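To keep things clear, I will list the structure first and then write my remarks on it.
Everything numeric in this text was worked out from a predicted model, so none of it was measured. First the proteins, then the strands, lettered A, B, ... as listed; each starts at 1.
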Amino acid sequence: MIRSHFKGVLVEGNKTYAEVTRDIALPTETKPSRWWYAAMTLATLALLAGAWALYETFAYGLGTWGINNTVAWGWDIINFVWWIGIGHAGTAFTIFLLIFRQKWASSINRTAEAMTVFAVLCAALFPLLHMGRPWLAFYILPYPNTRGPLWLNYNSPLFWDVLAISTYLLMSITLWYFGMIPDLATIRDRSKSKFKKTIYGIFAMGWSGSAIQYNRYESLNKILGGLAAPLVISVHSIVALDFAVSVIPGWHTTIFPPYFFVGAIFSGFAMVLTIMIMLRKVLKIKDFVTDKHLEFIARVLQFGSLIIGSSYLMEIFIAWYSGVEYEAFTFLHVRASGNFSSDFWIMVLCNAIMPQFFWFKKFRKSLFWLFIISIMINIGMWFERFVIIVSSLSQDFLPANWATYKPTLVDIGLYVGTFGLFMAGMLMFIRFIPIIAINEVKGISKLGYEENKEKE
Amino acid sequence: MKKYWKSLEEYNGTHFDPGEEDQSGISTFELLSSENNESKTSRRDFLKWCGFSFMSATVLASCESPIKKAIPYLNQPEDITPGMASWYASSFYDGKDFCPILVKVRDGRPIKIEGNKSVMLTHGGTTGRVQASVLSLYDTAGRYHHPFYNGEKTTWEQADRDIAGKLDSARKDIVLLTSTIISPSTQEVINRFKNRYNNFRHVVYDAISYSAIREANLLSFNRREIPFYRFDSAGLIVGFNADFLANWLLPVTYTRQYADSRALRKDKKEMSRHLQFESGMSVTGANADKRFKIKPHEELQILQGTYNILAGNGNGSEPEQAKNLAAEIRKNENKTLIVSGTNDIKVQTLVNAINYMAGSYGNTIDFTNSLNLCQGNDKDLQQLVNDMEAGKISALIVGDANPVYDYPGNGFKNALDKVDLKVSFSSVLNETSELADYILPSPHYLESWDDVAPANGFYGVAQPTIRPLFDTRQMQDSLLKWSDNDLSYKDLIKELWEKQIFTKQNKTGLFTAFWQESLQLGVFTPEIESVNVNISNEALATAGSLQKATVNEGWDLVFYESTALGDGRHANNPWLQELPDPVSKVCWDNFAAISPVDAEVLGVNNGDLIRLFEGVELPVIVQPGQKEKTVSVALGYGRQRSGKVAEGIGVNVFNFVEFKDGYKKYNVSIDQPVKTKAKTDLALTQTHHNMEGRAIVRESVLTAWQNDPASGNELHEFNEAHKATLYPEAKFEGHHWALAVDLNRCIGCSACVIACQAENNVPVIGKREVMRRRIMHWMRIDRYYTGETDNPGVVFQPLMCQHCDNAPCENVCPVAATTHSDEGINQITYNRCVGTKYCINNCPYKVRRFNWFQYSKNKAFDYNMNDDIGRMVLNPDVTVRERGVVEKCSFCVQRIQEVKLKAKLENRKVMDGEIQPACVQACPGKALVFGDLNDPDSEVSKLFKDERNYHVLEEMHLLPSVGYLTKIRNV
Amino acid sequence: MIKLYFTTPKNSVISTISRLLFCLITVLIFISRPVLAEESQEQSDKRDLRMGQRLFMGLVDFKSGRFDCSSCHYLGATEEINWNPSAYDLAIAWLEEDGTDIYQVMNNPVSERLEEEHYGMTITSEEERLLQVFLKHVAEEGPGVLKPYPINTFAFWIMGILMALAIIDLLFTKRVRYRFIHVAVLIIGIGVHTAFARIESVKVGRSQGYAPDQPIKFSHKIHAGENQIDCRYCHFIADYSLSGGIPSNSICLNCHNVIKNGTNSGAFEINKIHRAAKTGEPVRWVRIHKLPDHTFFSHAQHTNVAGIECQTCHGPVEEMHIVKQVEDLSMGWCINCHRDTKIQFFENEYYTTFNELYDKLKSGAIDSITASEIGGINCMKCHY
Amino acid sequence: MSKKSVIGVFDDENRVVSAIKKLKENKVKINDVYGPFASHDILSLVTKPTRLPHLAFIFGAVAAILTFLFVYYTSVINYPLSYGGKPTFSFPPMVVIIYLITILGTATLTVFAFIGRTAMYPGKKAKMPGIGAMDDKFFVVIDQKNTVADVESLMRNSGAIEIRHEEF
């Protein structure tokens with residue numbers, strides 16, 4: 001048996017298999033409580049706002065947004081990068097903790113992966129929306145055509161982006177879905193109603209729990225995981241290339257791929273923390289997601305924050321050291337002390353300073369502080385993208401072009417809409433899918449207790 | 001019936017020869033409007049909304065393709081080839097500005113105005129207003145479509161009968177009030193009218209008056225004339241409140257002369273020195289080597305002092321500026337040119353006297369070709385208004401003038417009520433016509449016959465290039481009719497030319513041949529006797545006598561003509577409204593320019609409204625270089641009745657112009673402006689004015705340049721030496737197009753911007769969108785201030801797509817919509833573009849434009865592209881872009897293609913200078929040069945090899961195909 | 001991309017619905033209106049129209065016998081040429097009042113041919129009146145339009161339904177035991193749908209095979225084929241203009257001033273030219289070869305400079321009675337030609353601009369230069 | 001399909017493992033073991049390693065080569081276009097594309113291979129030895145033919161809570 005080098009119990013309460021099944025499957029088998037309906041209403045309202053914004057965008061054009069000839073990317077791409085960043089948590093959780101044999105991830109990875117899927121879906125909306133002529137979006141695919149045939153510009157990071165995002169979306173859905181097949185089978189077997197049995201049965205694809213199946217299934221999961229590991233690194237690196245490949249001061253930096261990747265993990269883990277704290281509260285899964293889990297995440301965040309912070313410093317240092325006047329201007333003048341200084345310092349505060357409180361056990365142990373700091377990181381990461389995208393474009397090479405950027409209601413509506421989509425997705429997820437990998441947790445539920453027993 | 005006009009190659013039309021009889025009765029519009037595009041559901045449009053799905057495939061099957069009709073000519077006219085443009089020489093004259101032009105006519109409709117290159121007066125230059133005038137032709141809302149009587153539609157026959165009857169029975173005076181008429185034939189028409197009606201008189205006035213210059217010359221030289229100024233022969237140019245590069249008299253001519261005098265080449269090492277004295281920052285002042293801020297009253301003091309010093313009467317108490325000026329003038333004996341735009345006879349007499357002392361007459365000022373422009377007489381106008389007020393006028397006929405709008409105060413409007421018969425001839429909606437009994441619409445100048453004599457020894461013709469779009473008739477025809485002449489105006493022109501002008505030449509003995517040639521060339525310039533003048537003692541005495549200027553230590557309000565709108569007669573032209581002011585970079589508004597010091601005193605910032613008079617509040621622009629305690633406000637705004645574009649835009653300040661000693665005075669003293677709480681947003685196209693120490697516009701001074709031609713451009717050599725590349729540099733077989741911009745010749749007048757807009761179907765987006773920084777102009781003129789804020793140096797830099805050979809925009813387009821051509825052009829393919837806007841971001845020059853909305857056929861953008869007739873101005877050789885598409889300067893690739901094809905058809909190579917993109921063509925200063933870099937003898941190759949040549953952001957190794965020549969100042 | 005303006009997208013579904021609504025409302029109004037005495041006039045008009053239609057279509061006997069006018073004078077549009085004037089043509093000719101009373105043709109034929117064709121046909125004034133009523137109606141309706149691209153969507157829908165059934169059965173009902181049937185249906189269905197989508201999407205905006213009826217039955221086969229008239233005689237501006245040029249009426253009259261009787265159609269079609277000249281109303285031809293608005297094409301470049309035969313793009317026009325678009329005029333088709341077509345480098349001084357290539361070609365280092373090699377497939381050659 | 005089988009039902013992982021070990025010692029061929037989670041002890045005793053990883057490698061290699069060929073053909077041979085002064089064959093961007101398509105292709109093909117090999121598809125009816133296999137029970141299924149006499153007792157001694165004989 002593969003043992004985690006982690007000492008102690010991973011699932012509290014020394015539950016039997018049946019208890020594990022019962023506890024986790026509970027939300028899918030009972031009527032949702034009031035908070036669920038309240039949250040769903042909120043999500044629906046947000047979705048409606050998004051639908052309105054979507055209509056405005058499609059019916060009248062991108063002019064309804066706040067972007068202009070100088071700052072041609074605004075909230076659309078900020079939100080895109082932000083969501084993509086959040087979408088890194090799930091896969092990263094599964095993959096890296098799998099690679100590092102961190103068994104404790106089992107309790108969280110299902111939720112994290114669901115988060116990934118919905119966040120990437122939200123993110124994937126924006127590249128489509130930010131096109132001037134979205135009805136011609138298929139031009140971006142290299143399909144045989146009667147135009148010569150005319151193919152694509154493979155030099156464009158946007159094409160890499162499209163590939164990376166769609167690959168990542170497909171991969172995370174696959175990972176997520178194949179990860180939950182045994183659990184779907186569990187629900188199928190437990191459900192009384194024929195309808196429910198049929199639906200879960202369809203998705204469980206005839207899972208029977210046989211060792212032969214498990215064997216191939218494990219192998220598949222390992223392959224997918226192995227493929228997803230480099231992918232998860234590359235996705236945000238490629239998103240970073242959107243900026244790094246360009247010539248705009250503040251974008252044109254080689255540090256971007258690793259910096260973006262760490263940022264993504266950072267924001268993703270923060271979002272996981274936020275959501276887990278909330279779910280733990282309302283779904284009564286404290287036994288599975290223990291205080292220790294939260295503390296681990298906090299440690300990861302603290303580490304990520306150090307990297308992020310040093311990246312900020314490095315960027316500024318290089319801007320000065322390189323001697324490129326435009327870059328120095330962007331970093332030292334525009335961001336640190338100019339028009340965007342408030343955004344810049346919010347970013348620094350939220351991302352580089354606040355998580356440092358996790359050095360102290362008191363903060364790691366306090367649910368309140370965990371929650372506050374995780375939210376702050378989410379905000380900080382949004383500001384990071386805002387600072388990168390808007391400040392660089394707003395004041396670039398020729399001062400005659402310099403322009404400010406102000407989002408419109410439509411911009412905000414779209415962002416709210418994606419929140420609605422994300423929330424609705426997550427709510428549906430906790431309603432219909434076991435939020436913790438039952439089969440995996442059963443494998444670790446006895447850990448700690450057996451050792452104790454052996455000791456006894 | 002829905003009227004469509006669609007130009008593909010074929011359209012419906014009958015024989016139309018501008019040189020032949022005007023076949024009235026059926027308007028071109030009706031001919032053009034036949035429904036030859038019976039558009040049903042377009043599969044393409046449908047698909048657009050379906051996206052691409054399996055479902056759409058089936059729905060498609062039920063869609064029908066639109067049926068397009070191809071309607072040929074019944075008889076194909078010889079000079080019209082479907083699909084090819086024809087050119088007609090003509091003359092632009094709007095009552096104030098004159099410009100010889102060529103009209104590009106495509107399929108029977110004028111689509112573009114270009115300067116007439118063969119005319120030495122302008123060398124093919126134009127101004128923005130001339131370029132934009134073609135749009136006014138198609139201004140449906142801004143033109144009268146038929147005659148009106150008391151606001152009701154009437155017929156010409158009815159109006160003729162009524163008016164002739166009323167004129168006959170008129171007991172008191174009949175007055176024809178026009179702006180300056182430079183047409184000999186129209187003068188003849190008026191003479192005939194005068195012969196018919198004894199009680200008739202003709203009053204000429206100009207909204208922007210040059211009355212004092214004429215009166216001063218009458219006093220000084222006994223000639224009520226405006227001489228011909230020669231800025232190109234001047235070594236020292238001194239301007240007092242004269243914006244001669246953008247507005248004053250003949251700006252196109254002066255710009256060319258000025259640019260020539262300031263151009264530097266290997267074989268021309270000297271340039272003129274330009275001093276400008278003014279209160280507000282004008283385009284001319286922005287170009288000056290040294291600019292002095294003065295309050296309006298100081299002008300007289302300085303001139304007086306200078307004259308006294310020059311005349312040897314200096315007593316040392318003269319202002320410092322006068323001493324310096326006198327010293328400079330002494331250095332430039334016979335090479336000095338002093339001009340003043342102030343409408344004050346004292347000032348003008350002093351200017352004459354100083355010019356005389358400096359030996360300018362015969363050298364830089366010439367009465368041989370004296371100008372016929374701006375003959376208006378302020379005193380006559382005042383007299384007329386007094387007569388009207390006194391009820392002495394029975395009939396007032398206004399010919400293409402708008403005194404209700406531009407007469408100082410409400411005097412004219414009030415007096416108008418006391419006139420029995422008010423007739424207005426007007427090609428455009430205006431305030432005066434609205435108050436007239438009869439509105440008799442005259443055709444646009446592109447629909448009319450006319451002749452012009454803007455200067456002595458210069459005759460031009462204006463010929464119609466399209467059949468009248470509306471039920472209009474020329475004023476001259478009406479006057480002829482009312483004076484019982486059967487002759488049509490066109491015949492009269494021919495008659496007059498045969499009698500008076502034909503005789504001035506001896507090249508041909510056949511009038512028809514002479515007439516044909518004049519029509520083809522557009523102008524006729526006979527040899528005339530040169531005139532030498534001597535100043536009168538009286539004038540010198542007047543100049544010498546100590547004149548105490550009324551010193552105003554308080555605030556002054558200075559009126560000026562805006563570069564875009566001039567005196568406001570073209571205000572309804574959306575292209576001009578959206579043309580950013582070259583200096584302040586504001587469009588769609590007039591504003592109060594105040595100095596930074598005053599802004600601090602008043603506690604105001606850009607956009608804050610200040611109250612100048614009771615009820616007159618204007619937004620502030622903090623204008624570096626504005627004289628303290630002066631406020632400059634542009635005339636020409638605040639039109640009440642002009643069509644939908646201009647109405648309600650800005651404030652009309654003509655009301656506050658004063659009459660002083662019989663002259664209109666374009667500055668008044670005011671109380672300190674009051675800050676109001678209100679704030680408005682100004683449509684600024686540039687909000688940062690400092691180069692932040694970047695080598696964007698490179699400058700040097702003459703002495704440094706003479707020592708080292710690369711002075712100020714040292715970075716170029718450094719960058720060339722430090723070029724490093726990962727990939728081999730691209731080689732271009734065949735052509736490699738490039739554009740050179742001589743910053744020494746560019747004065748920032750923005751004619752190129754409008755030319756580009758006209759040529760490339762650039763949409764107008766309105767004030768709100770401009771405020772959101774989304775202006776669509778493919779080329780813009782960047783303006784930077786250098787030096788201190790209270791009197792900064794100003795540099796202009798035309799910036800269009802740089803067509804980089806290592807273009808960063810090309811790399812990032814995922815769908816290959818922007819690629820590099822084999823001729824070095826950075827191509828944008830609109831139909832492939834999906835609008836990711838990545839290229840816009842990655843363009844370091846930010847010259848790419850995005851179609852944020854659907855700008856054509858969209859009610860929200862109710863300008864010419866939302867109008868069937870307005871769309872007739874569109875260039876059929878350039879795609880009208882759909883929303884969501886990126887666009888930018890293409891080096892006018894359609895012109896390149898056209899010329900290449902022409903060369904192939906003529907079995908030869910493309911000649912240097914044969915291809916002229918619209919901006920190059922329009923430039924009055926010839927600051928832009930386009931050509932083939934692969935041809936070592938081409939002008940552009942030579943300029944690219946010049947030591948002054950550099951590229952903007954060249955350190956990025958983008959290899960732009962646009963080069964700039966450093967700006968050299970003669971300080 | 002629309003070159004000059006953007007037509008407001010009119011959704012076919014919406015227009016169909018609105019049309020249906022309109023019909024419905026009309027019917028409702030008609031039904032709801034009380035029958036009044038004045039109606040009898042309307043009704044008799046209707047009856048006349050019906051009678052006229054029946055006469056024309058040969059459903060009712062003329063006094064002189066039963067003739068089906070519509071068998072020669074077609075009521076709708078045709079794909080094959082029918083030299084006889086269509087019903088619409090007749091109606092227009094009659095409405096034009098150019099002096100010919102077409103109904104007299106039957107009683108007093110003006111030409112031998114007419115006499116031959118209408119042998120034994122005489123009509124009474126009452127019959128003439130009825131026919132007039134009907135033809136007037138035809139003229140108002142306008143000429144029939146052939147649906148440019150009728151495609152059979154039957155297979156598409158059938159496959160769609162089958163696929164839906166297969167999925168339902170596979171997941172829920174499970175009636176069919178052998179699952180490979182489901183799989184096969186799904187695979188075939190997806191294949192069919194993809195094929196349809198591909199075919200249809202390629203056709204979007206294209207009109208290969210488009211051969212509409214023209215207002216004059218002008219046969220290129222007779223003019224260019226049998227009579228060997230050079231294309232450029234009529235389309236002369238193609239040599240120096242962007243446009244190929246639809247010949248003006250006056251060019252037709254160059255010959256048809258003299259030739260007043262056509263080989264197949266008699267005087268009827270040629271009369272239309274004369275009528276146009278007389279009324280000043282030009283002939284409204286239906287455009288066949290049209291490139292999208294964002295594509296700029298110069299005939300002069302291709303016919304004059306490059307010396308490309310007209311037939312290369314327009315197909316064997318000289319063999320067509322009704323001109324049909326032979327090529328699909330797709331971008332790929334253009335591009336491929338540019339890739340293959342060799343440039344006549346030495347025949348035009350212009351090409352000396354390409355001095356390196358010129359020298360190479362001259363020295364024999366390369367044997368040919370195609371259009372694509374000197375920028376012939378650059379985007380801005382055609383799109384700007 | 002169905003055969004007569006002996007099914008041992010367990011409710012603890014350790015007991016199953018010991019039962020399997022004992023059965024194996026007695027050379028009893030175990031058909032399959034059903035359980036609620038992937039216990040590596042059970043898997044290592046009951047199953048052979050799959051060849052899915054080898055397949056995945058082949059898929060990956062093929063995807064990489066095909067992608068390279070496609071990108072090379074389209075950008076260099078078929079319609080070369082000039083972007084920003086770069087040569088038409090610029091390898092670095094191709095790396096990114098090949099990298100991503102390789103991952104995508106491998107993952108997709110491997111998933112399909114898995115589905116094909118395990119014959120799993122949406123709507124397939126699960127063949128299970130009894131209620132609770134996905135909850136808390138372990139089922140050891142042994143073909144009746146392969147049983148030796150004391151299979152039943154072997155399992156009972158290891159802690160089976162129930163022994164069933166039925167068609168499976």
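For the set B:Q797, B:R773, B:R848, the entry with the most heavy-atom pairs within less than 4.5 Å of chain A is B:R773. When B:G884, B:G835, B:P814 are compared by the number of non-hydrogen pairs under 4.5 Å with chain A, B:P814 comes out ahead. Interface remark: of the candidates A:H252, A:H333, A:R147, A:E325, A:E325 forms the most heavy-atom pairs closer than 4.5 Å to chain B. Per-residue counts of heavy-atom pairs under 4.5 Å with chain B were compared for A:T404, A:D242, A:D76; the largest is that of A:D242. Comparing B:M691, B:R849, B:Q686, B:R694 by heavy-atom pairs within less than 4.5 Å of chain A, the highest count is held by B:R694. Taking chain B as the reference chain and counting heavy-atom pairs below 4.5 Å, the highest number among A:I77, A:V71, A:L150, A:V245 is found for A:L150. For the set A:Y60, A:F159, A:Y154, the count of heavy-atom pairs under 4.5 angstrom toward chain B peaks at A:Y60. The candidate from A:P249, A:P142, A:S156, A:P157 with the greatest count of non-hydrogen atom pairs under 4.5 Å with chain B is A:S156.
For chain B, no part of A:Y405 is nearby; none of its heavy atoms comes within less than 4.5 Å. Of the two parts of A:I67, the backbone and the side chain both hold a non-hydrogen atom closer than 4.5 Å to a non-hydrogen atom of chain B. Residue contact with chain A, scored on non-hydrogen atoms closer than 4.5 Å, involves the backbone of B:T685 exclusively. Within the 4.5 angstrom heavy-atom criterion, no atom of B:L684 approaches chain A. Only the side chain of B:E955 has a heavy atom closer than 4.5 Å to any heavy atom of chain A. Using a 4.5 Å cut-off between heavy atoms, A:D161 makes no contact with chain B at all. Only the backbone of A:T57 has a heavy atom closer than 4.5 Å to any heavy atom of chain B. For B:Y784, the part lying under 4.5 angstrom from a heavy atom of chain A is the side chain only. Looking at A:S392, there are no atoms closer than 4.5 Å to chain B (heavy atoms on both sides), in backbone or side chain. When heavy atoms are compared at a cutoff of 4.5 Å, B:N690 approaches chain A solely by way of its backbone atoms N, CA, C and O. Using a 4.5 Å cut-off between heavy atoms, B:V952 touches chain A through its side chain atoms alone. For A:L141, no part sits under 4.5 Å from any heavy atom of chain B, backbone or side chain. Of the atoms belonging to B:R780, it is side-chain heavy atoms, and not backbone ones, that fall under 4.5 Å from chain A. Only the backbone of A:W151 comes within contact range of chain B, with at least one heavy atom under 4.5 Å from a heavy atom of that chain.
Contact record, A:D396 with B:C843: OD2-O, 4.3 Å, taken as the closest heavy-atom pair. Between B:V834 and A:L136 the shortest heavy-atom distance is CG1-O, 3.4 Å. B:V815 and A:L152 get closest at one heavy-atom pair: CA-CD2, 4.2 Å. The minimum heavy-atom distance between A:S246 and B:N842, with the atom names listed, is CB-OD1, 2.9 Å. B:Y838 and A:L241 make their closest contact through OH-O, 4.1 Å (heavy atoms, listed as atom of the first residue, atom of the second, distance). Contact detail for A:P399 and B:E692: the closest heavy-atom pair is CG-CG, 4.3 Å.
Under a cutoff of 6.0 Å and an axis angle of 45°, B:R832 and A:Y139 form a cation-pi pair.
The distance from atom OG1 of A:T64 to atom CZ of B:F853, rounded to the nearest 0.5 Å, is 6.0 Å. Once rounded to the nearest 0.5 Å, the distance linking OG1 of B:T836 with CG of A:L128 reads 12.5 Å. In this structure, the separation between CG on A:N401 and OH on B:Y845 is 11.0 Å, given to the nearest 0.5 Å. With rounding to the nearest 0.5 Å, the separation of NZ in B:K837 from CH2 in A:W65 is 6.0 Å. In this structure, CG in A:N155 is found 5.5 Å from CG in B:N811, a value given to the nearest 0.5 Å. The structure places OH of A:Y326 at 7.5 Å from CE of B:M956, a figure rounded to the nearest 0.5 Å.
Side-chain contact between A:N69 and B:K846: absent, with no pair of heavy atoms (C-beta onward) separated by less than 4.5 Å. Residues B:L953 and A:L398 form a side-chain contact, since some pair of their non-hydrogen atoms from C-beta on lies under 4.5 Å apart. The shortest side-chain heavy-atom distance between A:T408 and B:R772 falls under the 4.5 Å cut-off.
At most 12 non-hydrogen atoms from other residues, nucleotides or ligands lie less than 6.0 angstrom from CZ of B:F718. Heavy atoms from other residues, nucleotides or ligands lying under 6.0 Å from OH of A:Y321 number 12 at most. Heavy-atom contacts from other residues, nucleotides or ligands closer than 6.0 Å to NZ of A:K406 number 12 or fewer.
Here the side chain of B:N841 pairs no donor or acceptor atom with the backbone of A:L393 at under 3.5 angstrom. With hydrogens and angles disregarded, no donor-acceptor distance shorter than 3.5 Å links the side chain of A:R133 to the backbone of B:E882.
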